[in-house]
Amino acid sequence: MLFNSFSFLFFYLPVVLAGYFCLGRLGAAWSTAWLAAASLFFYAYWDLRFLPLLLLSVVVNYRASGAIAAAPAGAPRRRRRLWAALAFNLGALAYFKYANFFVAGVNSLGAGLPAPEIVLPIGISFFTFTQIAFLVDVYRDAVRERRFLDYLLFVSYFPHLIAGPVLHHKEMMPQFADPANARPRAANFAVGLSIFVVGLAKKVLIADNLAPMVAPVFAAGAHPQLLEAWIGALAFTFQLYFDFSGYSDMAIGLSLLFGVKLPLNFASPYKSANIRDFWRRWHMTLSRFLRNYLYIALGGGRAGPWLRCRNLMLTMLLGGLWHGAGWTFIVWGGLHGLYLVLHQGWRRLAGDAPPRWWGAPLTFLAVLLAWVLFRAPDLATAADILGALGGANGLSLPHGLAGHAAWFARLGVQPVFGGIRWIDFSAVGMPVLALAALLAFAAPNTQELFAAHRPCIDAVPQGPRRLAWTPGRRWAVALSALLTICVVNMNRVSEFLYFQF
């Protein structure tokens, strides 16, 4: 079930909200049970076959956490139990997500193994990482969960289950246990619905309208030329941001309807002055997970500059592999690792001086080039597009501009039209691309817009006062109109890009 679908907006969500607040009058346990059951239904709606896998993962990890907590701190069996639980989680993830990639790699060496027919369970990376973080925190005596129903809700909570954010137990459980959250609050509904509408608009009106400009360029064998390659790369750069940022906003808004605050996941990453700043703003909960449970576990920067560079590279390579079973993701992660290593070298030379004027555009360009690898179906296509960005495939105007040939002729220009036949190249795509760039670079982000109401756990700066959201008739009319436009355009419902990860 998708957040941007009629069945979710007009059936599932009203029923779940009504049941949650009605049962909340009987006690927190009732509302927790209802929300957990509704979350399981939300997951099973996609494919009932994988509901047992989610339940098995929850049961095994819950029992494992109890076994780890029961062993004395520092005892060898405590560590063995943690490693056994981690092996279970990583083994399940490896089988469903990487088995085909492994078999294809072995077969490329002439092994001739049969290719397994494995369907990737949606959201497996997110609920697996959430539980790995929980197990490590239990091992460190940072958390403990004694009630299975609460743990089930923590893992399966539907606003985050499919595409994050990656949650920490200590952030969520006090909120689920608070009986006050099972009572409806007008402020929560006003802010939550407003944030949801903003996120829905990002997805439906911006990301989905950029998609037709992306697919033709990144198709295998497309061989885009200079302008087509740049427009396609820019379109994907903003499509991915508004798609995933829109999902995260919708998750935050939906959760706030239930009185629960989810952690911030985006903070205007394309405004970053350097690559380290980018990873502090992009997919922030995943960056936090990789830092706390992988980079620091490898030694972080405590053992000198060379080991810090090694740890950065390993962390980003594994982060790339987490996103998908393919060489493009591995190279993408390695490229970002290289970016971070180069940034560390620059800091050693220049110190912590204020960012130069060229820091933000250079960072954006580096991120854009890496996104080409992230989106391309294979390394050959990625190399072709990267070459096209430098003019290796030549220069001609896309077919979508052929209707303007007479205008070019009046200017004394004889353009050559060729390459990819764009869909709505000039009518829809380019204005939306320009709007996306304007919003990403110049507008306050959602958290800044609603900062005065603190809808997120994370502290965020106040946005410009003239744009800050406050309850009132003007904002109600504007957001109602925006919601109506989104609903009208929901006839072409599309999945969120991060569902595949």
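Keep in mind it's a predicted model, so treat the numbers as computed, not measured.
- In summary, Asp249 and Lys202 engage in a salt bridge, as defined by a charged side-chain N under 4.0 Å from a carboxylate O.
- Remark: aromatic rings of Tyr293 and Phe289 are close, center separation under 6.0 Å.
- More than 12 heavy atoms of other residues, nucleotides or ligands shown are found within 6.0 angstrom of CH2 on Trp358.
- For an aromatic pair to be called close, the ring centres must be under 6.0 Å apart, and Phe329 with Trp332 fails this.
- Ring pair Trp282/Phe266 is perpendicular by interplanar angle, where above 60° counts as perpendicular and below 30° as parallel.
- Between Thr237 atom OG1 and Tyr241 atom OH the span is 13.0 Å, to the nearest 0.5 Å.
- Going from atom CG of Leu161 over to atom OG of Ser156 covers 6.5 Å, rounded to the nearest 0.5 Å.
- Contact of the Met172 side chain with the Leu262 side chain is registered, since non-hydrogen atoms from C-beta on lie closer than 4.5 Å.
- Residues Lys261 and Ser255 have side chains that never bring a donor and an acceptor to within less than 3.5 angstrom of each other.
- Between atom CD1 of residue Ile275 and atom CG of residue Leu312 there is a gap of 11.5 Å, rounded to the nearest 0.5 Å.
- In summary, the side chains of Thr128 and Asn89 do not present any donor paired with an acceptor at a separation below 3.5 Å, with no hydrogens or angles considered.
- For Phe278 and Tyr339, the distance between ring centers is not under 6.0 angstrom.
- Between Phe126 and Trp322, a ring centre-to-centre spacing shorter than 6.0 Å is recorded.
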Practice item. With salt bridge (charged side-chain N to carboxylate O under 4.0 Å, His left out) as the test, would you mind laying out the steps for Lys203 and Asp208 before giving the verdict? Key: CA-CA 6 Å; Lys203 167 63 177 172; Asp208 286 353; 3.1 Å; yes
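- Checked against the 6.0 Å centroid criterion, the rings of Phe50 and Tyr43 do not qualify as a close aromatic pair.
- Atom CH2 of Trp327 is surrounded by 12 or fewer heavy atoms from other residues, nucleotides or ligands within 6.0 Å.
- Applying the 6.0 Å contact sphere to OH of Tyr95 captures no more than 12 heavy atoms from other residues, nucleotides or ligands.
- In this structure, the side chain of Ser272 engages the main chain of Pro269 through a donor-acceptor pair within 3.5 Å.
- Take Thr315 and apply the side-chain hydrogen bond (donor to acceptor under 3.5 Å, both in side chains) test, not counting sequence neighbours, and it matches no residue.
- Remark: the Asp384 side chain and the His223 side chain contain an N/O donor-acceptor pair separated by less than 3.5 Å.
- No donor-acceptor distance shorter than 3.5 angstrom exists from the side chain of Thr285 to the backbone of Pro165, with no hydrogens or angles considered.
- Between Asp277 and Lys271 the shortest side-chain heavy-atom distance does not fall below 4.5 Å.
- Dense packing is recorded around CZ of Phe364, with more than 12 heavy atoms of other residues, nucleotides or ligands lying under 6.0 Å away.
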